[in-house]
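In what follows, a single structure is set out as structure tokens and then discussed.
Each residue takes its place number in the sequence, starting with 1.
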Amino acid sequence: MNFSAFFSYTLLTAYTPGPNNIMSMTNASKDGLKRTFPFLSGVCTGFIVVMSVCAAFSSLLYAFIPSIKPIMLWIGAVYILYLAWTVWRDKPHDSKGGITQANSFLSGMLLQFVNVKIILYGITAMSSYILPYYHDVISIALFALLLSAIGTSGCICWAIFGAAFEKLFCKYRKPINLIMALLLVYCAVSLFL
């Protein structure tokens, strides 16, 4: 397994803006980090459930339809290239307007079940990086936990930095987006090396 590509993909996906990160940042900047802890706990719990479902789904596809592996690799690569394109073209976000979501455990957990970004994150990571090399249940479960921990760590960082991280990201948006986009292209290409 190409661990550098795996960690590049997972860290970039976990730390780029998405519903979890924007909500974490907004809740922490509005209510403080301590009051955001229930929301972050819900995100973590939901992440574990969704990553487990993604692992089971991807494993079943690999086990019962072995010929799907090349198709899943291509879909994963295309999705990663799409992420690279959207990161490159990303514009600054006004994260302070329009977010009225409750800062609770339940809202953090339920957000995971409608968050397309993390569902695709789990399926792509499992099918493109993990399942071609690992097949036993314990390894797959450990990778599901690792994906959950990496995803949750992104939310925690966005919550800790709050508005300060957004200002830094906006100030250096173009070079940061270029670097992230190029790393994602590397991840997509590495699937076929």
List the steps, then state whether side chain to side chain contact (heavy atoms under 4.5 Å, CB included) holds for Leu146 with Phe7. CA-CA 11 Å; Leu146 178 62; Phe7 283 113; 4.2 Å; yes

When you look at Tyr129 and Thr10, which way does the side chain to side chain contact (heavy atoms under 4.5 Å, CB included) test go after all the steps? CA-CA 10 Å; Tyr129 295 107; Thr10 57; over 6 Å; no

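Annotation: side chain of Asn20 is not in contact with side chain of Trp158 (no heavy-atom distance under 4.5 Å). Contact check for Leu147 versus Met126: side-chain heavy atoms found under the 4.5 Å cut-off.
Taking OH of Tyr9 as the start and OH of Tyr121 as the end, the distance is 7.5 Å to the nearest 0.5 Å. Distance check, rounded to the nearest 0.5 Å: OG1 of Thr45 to CD of Gln112 gives 9.5 Å. Summarising the geometry, atom CZ belonging to Phe6 is positioned 5.5 Å from atom CZ belonging to Phe143; distances are rounded to the nearest 0.5 Å. Here the OG atom belonging to Ser59 is positioned 9.0 Å from the CD1 atom belonging to Ile130, to the nearest 0.5 angstrom. The OH atom of Tyr15 lies 9.0 Å from the SG atom of Cys155; values are rounded to the nearest 0.5 Å. Between the CD1 atom of Ile119 and the CE atom of Met51 there is a distance of 8.0 Å, given to the nearest 0.5 Å.
When atom types are taken as modelled, the side chain of Asn21 and the backbone of Thr16 share a donor-acceptor pair closer than 3.5 angstrom. In this structure, Ser153 contributes its side chain and Ile150 its backbone to a donor-acceptor pair below 3.5 Å. Tyr134 contributes no side-chain N or O that, together with a main-chain N or O of Met1, makes up a donor-acceptor pair within less than 3.5 Å. Between the side chain of Ser139 and the backbone N or O of Asp136, no donor-acceptor pair lies under 3.5 Å.
Remark: Ile48 pairs with Cys44, Ser52, Leu145, Ser148 by the side-chain contact (heavy atoms from CB on, under 4.5 Å) rule, at least two apart or across chains.
Nearest heavy atom pair, residue Gly151 against residue Ala14, reads CA-CB, 3.8 Å. Residues Ala55 and Ile140 approach most closely at CB-CG2, 3.6 Å, considering heavy atoms. Smallest separation of non-hydrogen atoms from Lys117 and Thr13: NZ-O, 2.8 Å.
Phe105 and Val49 fall within the same hydrophobic cluster, where Ile, Leu, Val, Met, Phe, Trp and Tyr residues are linked whenever their side-chain heavy atoms come under 4.5 Å apart, directly or through other members. Under the 4.5 Å side-chain contact rule for hydrophobic residues, Val53 and Leu131 do not share a cluster. Linking ILVMFWY side-chain heavy atoms closer than 4.5 Å, directly or via other members, places Leu142 and Leu11 in two distinct hydrophobic clusters.
With a 6.0 Å radius and a threshold of 12 heavy atoms from other residues, nucleotides or ligands, Ile138 has its CD1 atom at or below the threshold.
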